[in-house]
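Letters go in sequence order (proteins before strands), and every chain restarts at 1. In what follows, every heavy atom counts, from backbone to side chain, and hydrogens, waters and symmetry copies are set aside.
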Number of protein chains: 2
Amino acid sequence: MRERVQTYFEQLQNTICKKLEDVDGKGKFIEDAWQHSESGGGKTHILQNGYVFEKAGVNFSAITSSLSEPLATKLNVASQKIFATGVSLVIHPYSPMIPTTHLNVRFLQLSQGDAFAENGDAWFGGGMDLTPYYLFEEDAKHFHSVLKNVCDKHDSNFYPRFKKWCDEYFFIKHRNEVRGIGGIFFDYLKDDLEKTFSFVQDVGNSFLDAYIPIVKKRKHESYSEHEKEWQLIRRGRYVEFNLVYDRGTLFGLETQGRTESILMSLPPEVKWKYDFSPQKNSREEMLLQVLQNPKEWV
Amino acid sequence: MRERVQTYFEQLQNTICKKLEDVDGKGKFIEDAWQHSESGGGKTHILQNGYVFEKAGVNFSAITSSLSEPLATKLNVASQKIFATGVSLVIHPYSPMIPTTHLNVRFLQLSQGDAFAENGDAWFGGGMDLTPYYLFEEDAKHFHSVLKNVCDKHDSNFYPRFKKWCDEYFFIKHRNEVRGIGGIFFDYLKDDLEKTFSFVQDVGNSFLDAYIPIVKKRKHESYSEHEKEWQLIRRGRYVEFNLVYDRGTLFGLETQGRTESILMSLPPEVKWKYDFSPQKNSREEMLLQVLQNPKEWV
């Protein structure tokens with residue numbers, strides 16, 4: 001299972017990067033291969049200063065890490081080691097009319113004592129979500145429709161369950177708002193690993209269908225300095241979520257992961273203004289209302 | 001004690017803000033008075049887009065907060081409530097030749113059950129530190145000399161102890177570097193509250209002597225776009241420290257503090273570039289060497 005999953009993840013990384021380059025038309029991904037301090041490693045693909053994308057990071061990794069005692073306690077497991085492989089991407093376009101997006105698919109396995117058994121405790125997790133700066137309802141509906149279709153192919157409970165999980169996971173408590181307009185999020189899927197792997201592949205393969213049509217539709221729209229400024233301020237919320245709450249980020253930092261690959265999710269440029277509020281009845285305020293009260297899109 | 005401490009902290013906030021306005025010559029502090037969701041509140045003073053200072057926040061607060069069970073466990077106390085009062089400031093100048101600085105002085109008291117006793121468990125904490133973007137040895141020496149003099153007046157062990165504590169506290173583990181060139185940091189000083197209060201007042205009162213001469217010396221120095229860019233990238237480390245590690249920030253967010261007042265420490269503009277390294281033997285690299293190997297300045 002491990003090897004098949006890894007092979008699929010590596011292919012997914014390449015497929016996605018190739019398509020993103022096509023759509024960008026200028027930027028090229030560079031590859032950084034790295035070794036984990038303990039065992040395993042990864043390949044970070046990064047595109048900076050493209051035509052459409054200001055910063056796009058697509059990371060593949062497959063590592064084995066010792067679990068420190070506090071971390072094992074937090075995860076509520078008695079294992080000494082954890083194997084983790086996955087693809088994680090975050091795309092920050094220049095234009096505030098194009099949303100930021102995030103995809104993660106991952107497979108984890110716990111050791112029994114200090115060895116990994118074929119039937120050891122293992123699970124899949126993942127999801128994808130959209131973080132717009134200006135809300136286009138048709139884009140939100142398109143994104144969620146693609147995800148609902150993928151989920152419904154496997155289990156009619158998946159979409160409602162994973163959509164809700166996503167809104168809960170990406171909640172920024174100290175701002176009383178969610179990071180974006182959501183998508184799906186799932187974790188600890190371990191009941192039937194073969195079936196779940198098939199679902200996870202469909203999720204990974206649907207990413208380009210969910211995101212690229214939105215990029216193509218919005219990339220020629222003009223925007224003002226004021227709108228760009230709003231994007232920079234909103235990107236601050238992205239940073240706040242990732243550094244204060246995101247389990248993947250904190251897990252990576254705690255297990256001595258490769259810092260640059262973990263933090264490639266951070267936006268290229270960000271502003272923090274004291275106590276900034278958008279004008280009443282503005283498009284900016286409309287976005288906030290949706291972030292404070294997540295909606296059903298399909 | 002509580003009232004005398006609060007009165008001093010409020011005076012300190014006003015003295016510091018007045019002097020910062022004088023030195024800036026253009027920017028003015030606005031005051032935001034706020035109430036804590038449970039009890040107490042504070043006054044946030046903020047100056048944005050001055051002549052010298054891009055963002056300067058000076059916060060006074062005095063709140064009583066319930067301790068959640070996880071937080072009480074983390075603090076290793078059986079109390080139900082905590083009283084906290086303090087002044088906290090962070091100054092982000094425009095020029096990369098002027099360092100960012102941070103000061104905090106605080107007094108905390110734990111309840112016995114749900115009431116506060118006159119002789120209940122209480123302590124002082126605080127410190128100040130400097131985060132330069134370019135290293136001027138004479139500035140580092142000046143800053144540390146002022147702090148050493150203040151400490152030596154009270155106890156000859158204070159400066160070495162609190163200087164070391166500062167370097168340890170502001171260590172950014174995932175970057176293997178400290179946030180800046182340090183200063184002093186102390187916490188849980190509870191042995192003789194009267195004497196400690198006198199020390200804390202001396203620390204607060206020394207802030208302007210420690211920082212303002214550096215601002216005056218550096219504010220007319222010119223700088224290049226390249227140097228400004230370096231500052232924006234380094235500010236990213238400031239964000240990483242504050243959101244991932246800073247106990248004050250995380251304590252504030254966990255106790256439902258006023259988010260805008262807690263996060264006013266975040267820089268006005270920040271950049272994250274993937275895997276950026278300065279050129280060999282550059283002034284930027286010289287700074288990194290000091291951040292990776294904290295020095296004795298006096």
Side-chain angles (χ1 to χ4, degrees), chain A residues 29-30 32 34 37 44-49 54-59 70 74 90 92 172-177 229 232-233 235-246 249-250 252-277, chain B residues 29-30 32 34 37 44-49 54-59 70 74 90 92 172-177 229 232-233 235-246 249-250 252-277:
Chain A
F29 280 94
I30 54 152
D32 253 358
W34 48 271
S37 57
T44 295
H45 289 188
I46 186 107
L47 181 160
Q48 290 185 105
N49 307 318
E54 193 171 349
K55 189 175 175 189
V58 185
N59 194 49
K74 211 157 101 182
V90 174
H92 292 289
I172 306 173
K173 196 179 164 206
H174 64 270
R175 297 292 187 180
N176 194 33
E177 60 188 40
E229 180 94 352
L232 298 180
I233 294 167
R235 281 176 171 177
R237 302 293 200 272
Y238 212 85
V239 175
E240 290 174 25
F241 178 82
N242 286 17
L243 295 183
V244 177
Y245 301 106
D246 186 54
T249 301
L250 300 176
L253 297 179
E254 282 183 47
T255 54
Q256 322 284 325
R258 183 171 180 264
T259 297
E260 284 295 335
S261 301
I262 298 163
L263 298 186
M264 77 183 184
S265 65
L266 299 180
E269 195 184 346
V270 185
K271 287 193 177 181
W272 274 277
K273 279 189 190 282
Y274 175 76
D275 208 16
F276 180 85
S277 300
Chain B
F29 279 95
I30 55 155
D32 253 358
W34 49 270
S37 57
T44 295
H45 289 188
I46 185 110
L47 181 161
Q48 290 184 105
N49 307 318
E54 193 172 348
K55 190 176 175 189
V58 185
N59 194 49
K74 211 158 100 180
V90 174
H92 292 287
I172 307 173
K173 195 179 166 206
H174 64 271
R175 297 291 188 181
N176 193 32
E177 60 188 43
E229 180 94 352
L232 298 181
I233 293 168
R235 282 176 172 178
R237 301 294 201 272
Y238 212 85
V239 175
E240 290 174 26
F241 178 81
N242 286 16
L243 295 183
V244 178
Y245 302 106
D246 185 55
T249 301
L250 300 175
L253 297 179
E254 281 183 49
T255 53
Q256 322 284 325
R258 183 172 180 264
T259 297
E260 284 296 336
S261 301
I262 298 163
L263 297 186
M264 78 182 184
S265 65
L266 300 180
E269 195 184 345
V270 185
K271 287 193 177 181
W272 274 277
K273 280 190 190 281
Y274 175 76
D275 208 15
F276 180 85
S277 299

Next on the checklist: Using heavy-atom distances under 4.5 Å, tell me whether B:Ile233 contacts chain A through its side chain, its backbone, both, or neither.
Outcome noted: neither

Checklist entry - By a 4.5 Å heavy-atom criterion (distance strictly below it), what part of A:Ile262 contacts chain B: side chain, backbone, both, or neither? => result neither

Item to check | Of all pairs that satisfy salt bridge (charged side-chain N to carboxylate O under 4.0 Å, His left out), the ones with a partner from residues 258-267 of chain B, not counting sequence neighbours | outcome: A:Arg175-B:Glu260, A:Asp275-B:Arg258, B:Asp32-B:Arg258

Item to check | Between OH on residue B:Tyr238 and NE2 on residue B:His92, distance to nearest 0.5 Å | outcome: 5.5 Å

Item to check | salt bridge (Lys or Arg N to Asp or Glu O under 4.0 Å), paired with B:Arg235, selected from B:Glu240, B:Glu269, B:Glu54 | outcome: B:Glu54

Next on the checklist: Taking B:Val90's backbone N and O only, do any of them form a donor-acceptor pair with B:Ser265's side chain (distance below 3.5 Å, no angle check)?
Outcome noted: no

Checklist entry - Can you say whether B:Ile46 sits under 4.5 Å from chain A via the side chain, the backbone, both, or neither, judging by heavy atoms? => result side chain

Checklist entry - What part of B:Lys273 lies closer than 4.5 angstrom to a heavy atom of chain A: side chain, backbone, both or neither? => result both

